[in-house]
Amino acid sequence: MSTRYNARASEPKWQKIWTDQATFKTRDGKDAGGKPKYYMLEMFPYPSGNIHMGHVRNYTLGDVIARFKRARGFNVLHPMGWDAFGMPAENAAIERKIHPAKWTYENIATMRDQLKTMGLAIDWSREFATCDPDYYWHEQELFLDFLAKGLVTRKKSYVNWDPVDNTVLANEQVIDGRGWRSGALVERRELTQWFLKITDMADDLLAGLDTLERWPEKVRLMQKNWIGRSEGARVFFPLTGSDEKLEVFTTRPDTLFGASFCAISPGHPLAVKLAATNPAIDAFLKEAALTGTTEAALEKVEKKGVVSGLTVDHPFIEGHTLPVYIANFVLMDYGTGAIFGCPAHDQRDMDFARKYNLPVIPVVAPNGLGTDEQKSFLDALAVAKEAFTGDGIAVNSGFLNGLDVTAAKRAAIEKLESLNLGTGTVNYRLRDWGISRQRYWGCPIPVIHCKDCGVVPVPHADLPVRLPEDVTFDRPGNPLDHHPTWKHVPCPTCKKPGLRETDTFDTFVDSSWYFARFCSPKATKPTDRAAADYWLPVDQYIGGVEHAILHLLYSRYVTRAMKATGHLGLEEPFDGLFTQGMVTHETYKGEDGRWLYPEEVKLTNGEPVHVETGERVTVGPIESMSKSKRNVINPTAIIDQFGADTARWFILSDSPPERDVQWSEAGAEGAWRFTQRFWRIITGDLDELAPVGTPEPAAFDAPALALRRAAHQTLAAITDDLDNLRFNRAVARVYELANALSTFEPGRDLAAAAWARREAVEFMVLTTAPMMPHLAEECWAALGHTGMVVDAPWPVAVASLLVEDTLTIAVQVNGKRREELIVARDADNKTIEAAALALEKVEKAIDGKAVRKVIVVPGKIINIVV
RNA sequence: GGCCCCUUGGCGAAACCGGUAGACGCAGCAGACUUAAAAUCUGCUUCUCGUAAGGGAGUGCCGGUUCGAGUCCGGCAGGGGCCA
């Protein structure tokens, strides 16, 4: 047997055997032989060009679970695909004159080959890319079904508009108010777009979070905050001297008596109407249009307003009127686009009131203040710059006086409703999901616009609406719109000339149902219900925490929408969710401050220097791998050098998977050394192992029994660790067993030793197989097995070998550990107590004092209190 | 600013229910093997006082609950995340 394990030869060999034998081809439910199903899914990659260490981590974690569950007797679905639409492909088209489809499919081919070198237990026959017409065809079908079911709407909304590139920008493409590509100042522009009415399901999406017990609490909280349910009221302020009313949303109807102004959004219809005749208002609206559309952007901008000239009547105070401002910090699409300002109890309103010299009327006082204290608090607040937003009781508020905030809200709403001037309501921060993108490389929205018939869905028989291939990217805007013929089609209803919708879907639509498509990737409908009902929900989903909100929320929504349209039978797509940490690396800078790649740096006399120039290198902070900081390690190079098993082993070692892991050269070499040590331990003394199939001896001497205990304890621990995704601990257990085998000295009973040794060695191979599958196969074959380890069942630990005959318990005196005591496992408390008190060191620690109390925790500790 | 999370040796970490803090790995040190080196193997490695036996301190800081706190509670500091 060779003393070296040759990963470079072994890994491709086993990968080919797995492929040739279709080892990972998934069986559907009826062919599963009664095995329970397990759907293991990692977030599918964007085909950017090459895999990176984040992919290696993600797919290694998932692969270990897939292989582990397979060995444990589950029928496992573990598929792979590509989130293939999106902007980078169009950028490549613009910059390098390469067609987005060509660029994308070439990248997929490269990355597929790279992933395959990792030895993943994936059923590649289910692979698809979201840019495959067969995939987006079914996405178009889903959309039409959603449309028919009333889940879709078309409405105007504000977008970030780049006036140079003539395109809509996502919020993250706006940097310091400018388009990321053109550098032009971004404008706010109103466009008619398609929306999925996610807000209709806001309450259900919120309630559903409580059922997701196998999701990280953090992610559930983030979604909850994102949905942002708040209870409040709509208040109808009558416009003075008019029949019209200004509708305002507030979460604090209890502070109505403190109102000193109303403010409307620059996009509010009233503001637009006034601008037509008032140049000052018109100018203000134009200025406001230059700021972004996000809440964060609005928060940063200086709060400004302009008087509208209108006033409204206070709903509770007869004859009292409030001025109406147009203010840049009021959002048109949150609530009603109008607020009332209560400066004393809202910081933004306070800032605004101080700027424009508006009254500050305190109407809530903190609880528990005396009369004088309360008066001085209110007097101070009336001239303060800080609003009081805490809990308290209503004052200066007519019929609300004396009520706490909750009761006052209720009373105010009742009164508003009785006056017909308002109503209690629930508001959400969540907005409807705008899915229109003015881009080429996305799924075409399957509708046709007709002058006479309006918006007409493309008939199902005409699907898919394919992207035209002959497009140009030589000018700004949407190539679909520029295409000479594509959009000109007859109206399906009246046959007169119509126009295709040239917008495409947001790529988040593509990734919101791919997990359902994997259940039946070749189906002629979006889903095959039998397959979907069998496989879903995904039992374990793994991906980056950066998708904690949007992707996961959209997927939860689309699953509900697919249920409403009969495509699925469940509401929550992901039963278990795990969010992995990032892969980090040290950063390096040369003397001139430029970033250096790790391979440009070496250590000379313990000092980091540049490999070629010898200049001194500064070691910077450990950060997430990124191209801009050049602290990237190419997985392909690592796999070439050490093999996939080493890369997998390193990525699983040390750091718990939810935490960031630091890639280090020393750590990678350590993992590589262990693969060699593993090989030596397993195959180094093959003639000292009992032959395959040797019956278990009737008895074991002490050394053999100790080895068996170590093996079975390791097995039990690894089983538990993998069940709970504690990969780093599973790795540590393998090391422990390796150490036990290395130091094993047989006793007199050589037959027992040989049998115990084979058992331990086989446990080590079987339990490591999910983590280092190629090495495990090679070892399994070397151990004399004819089948593959991937087909071997997970061994079962023998309960009687998991407990020791004797226990070591700690002896404390006054909570301080003084001595250890070895006792029989079944020793009773009195025996233990007597033995402990007899110990020399214990006697010394007691120092003749009276023993007041003795606490015995069986198997753990005994504490003597004096 | 609000909400949430984290803080353990030189480093990554472990400690599941409150019960012997530091498993396992990295780095380091010593020894064996070797002409030598590499590789490998065997030990040691929280700090501190001590030649040793042995003692003392110790899980960011302050306080509390408890026979007993890394773990629970309150406060503070530092770092991170989400929302603003």
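Note that the coordinates shown come from a computational prediction; the quantities given were computed from them, not determined experimentally. Numbers restart at 1 for each chain; the letters A, B, ... are given by sequence-line order, proteins then strands.
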Provide the distance between the two P atoms, one in C5(B) and one in U71(B), to the nearest whole Å.
-> 15 Å

G9(B), syn or anti by chi within 90 degrees of zero = syn

Salt bridge check: are K409(A) and D254(A) linked by an N-O gap of less than 4.0 Å?
-> no

Out of G68(B), A13(B), A84(B), which nucleotide sits closest to the side chain of R429(A)?
-> A84(B)

Does the C83(B) base have a donor-acceptor partner in the side chain of N225(A) within less than 3.5 Å?
-> no

Which pair of heavy atoms, one from A344(A) and one from P362(A), lies closest together, and at what distance?
-> CB-CA, 3.6 Å

When you get a sec, tell me which of U20(B), A57(B), A14(B) is the closest nucleotide to the side chain of T808(A)?
-> U20(B)

P atom, C4(B) versus C73(B): distance in rounded Å?
-> 12 Å

From C4(B), A14(B), U42(B), pick the nucleotide closest to the side chain of L221(A)?
-> C4(B)

Which part of the nucleic acid does S653(A) contact within heavy-atom distance under 4.0 Å: base, sugar-phosphate only, or nothing?
-> nothing

So, is the end of the R4(A) side chain (NZ or CZ) under 6.0 Å from the ring centre of W679(A) and within 45° of the ring's axis?
-> no

For atom C1', what is the distance between U48(B) and G58(B), given to the nearest Å?
-> 10 Å

Any salt bridge between R733(A) and D720(A), counting N to O under 4.0 Å?
-> no

Which is true for R733(A) with a 4.0 Å heavy-atom rule: it touches a base, it touches only sugar-phosphate, or it touches nothing?
-> nothing

Salt bridge between R220(A) and D210(A), side-chain N to carboxylate O under 4.0 Å?
-> no

Counting any heavy atom closer than 4.0 Å, what does I855(A) reach on the DNA or RNA strands: base, sugar-phosphate only, or nothing?
-> base

According to a strict under-4.0 Å criterion, is R818(A) in side-chain N/O contact with OP1 or OP2 of G56(B)?
-> yes

Within the structure shown, what part of the strands sits under 4.0 Å from R852(A) by heavy-atom distance: base, sugar-phosphate, or nothing?
-> nothing

Looking at U20(B), C67(B), U42(B), which one has an atom nearest to any side-chain atom of R817(A)?
-> U20(B)

Pairwise 5' ranking along RNA chain B for D660(A) and A810(A), keeping only the more 5' one | D660(A)

Proximal nucleotide (of G54(B), C67(B), U20(B)) relative to the K841(A) side chain | G54(B)

Check every strand shown and say whether N728(A) touches a base, only sugar-phosphate, or nothing at a heavy-atom separation below 4.0 Å.
-> sugar-phosphate

Which nucleotide in the list A14(B), G19(B), U40(B) gets nearest to the side chain of R680(A)?
-> U40(B)

Counting heavy atoms from C-beta on, name the nucleotide in C67(B), G12(B), U20(B) closest to the side chain of D654(A).
-> G12(B)

Between C82(B) and U46(B) - C1' atom distance, rounded Å = 36 Å

Side-chain N,O (K816(A)) to OP1/OP2 (A57(B)) below 4.0 Å = yes

Measure from the side-chain heavy atoms of R673(A) and tell me the nearest of C67(B), C26(B), A14(B).
-> C26(B)

When the C1' atoms of A13(B) and C3(B) are considered, how many whole Å apart are they?
-> 29 Å

Syn or anti for C17(B), taking syn as within 90° of 0?
-> syn

For V865(A), answer base if it contacts any base atom (sugar-phosphate contacts may also be present), sugar-phosphate if it contacts only those atoms, and nothing otherwise; contact means non-hydrogen atoms under 4.0 Å.
-> sugar-phosphate

Check every atom of C67(B), C41(B), A27(B) against the side chain of A666(A) and return the nucleotide holding the closest atom.
-> A27(B)

Within less than 4.0 Å of OP1 or OP2 of A39(B), is there a side-chain N or O belonging to R677(A)?
-> no

Determine the contact category for E820(A): base if any of its heavy atoms lies under 4.0 Å from a base atom, sugar-phosphate if only primed atoms, P, OP1 or OP2 are that close, otherwise nothing.
-> base

Under the salt bridge (charged side-chain N to carboxylate O under 4.0 Å, His left out) test, which residues partner D432(A), sequence neighbours left out?
-> K155(A)

Select base, sugar-phosphate, or nothing to describe what I549(A) touches, counting heavy atoms under 4.0 Å on all strands.
-> sugar-phosphate

Have a look at N739(A) and say if it touches a base, only the backbone sugar-phosphate, or nothing, with a 4.0 Å heavy-atom cut-off.
-> sugar-phosphate

Atom NE2 of H585(A) and atom C1' of C26(B): how far apart are they, to the nearest Å?
-> 14 Å

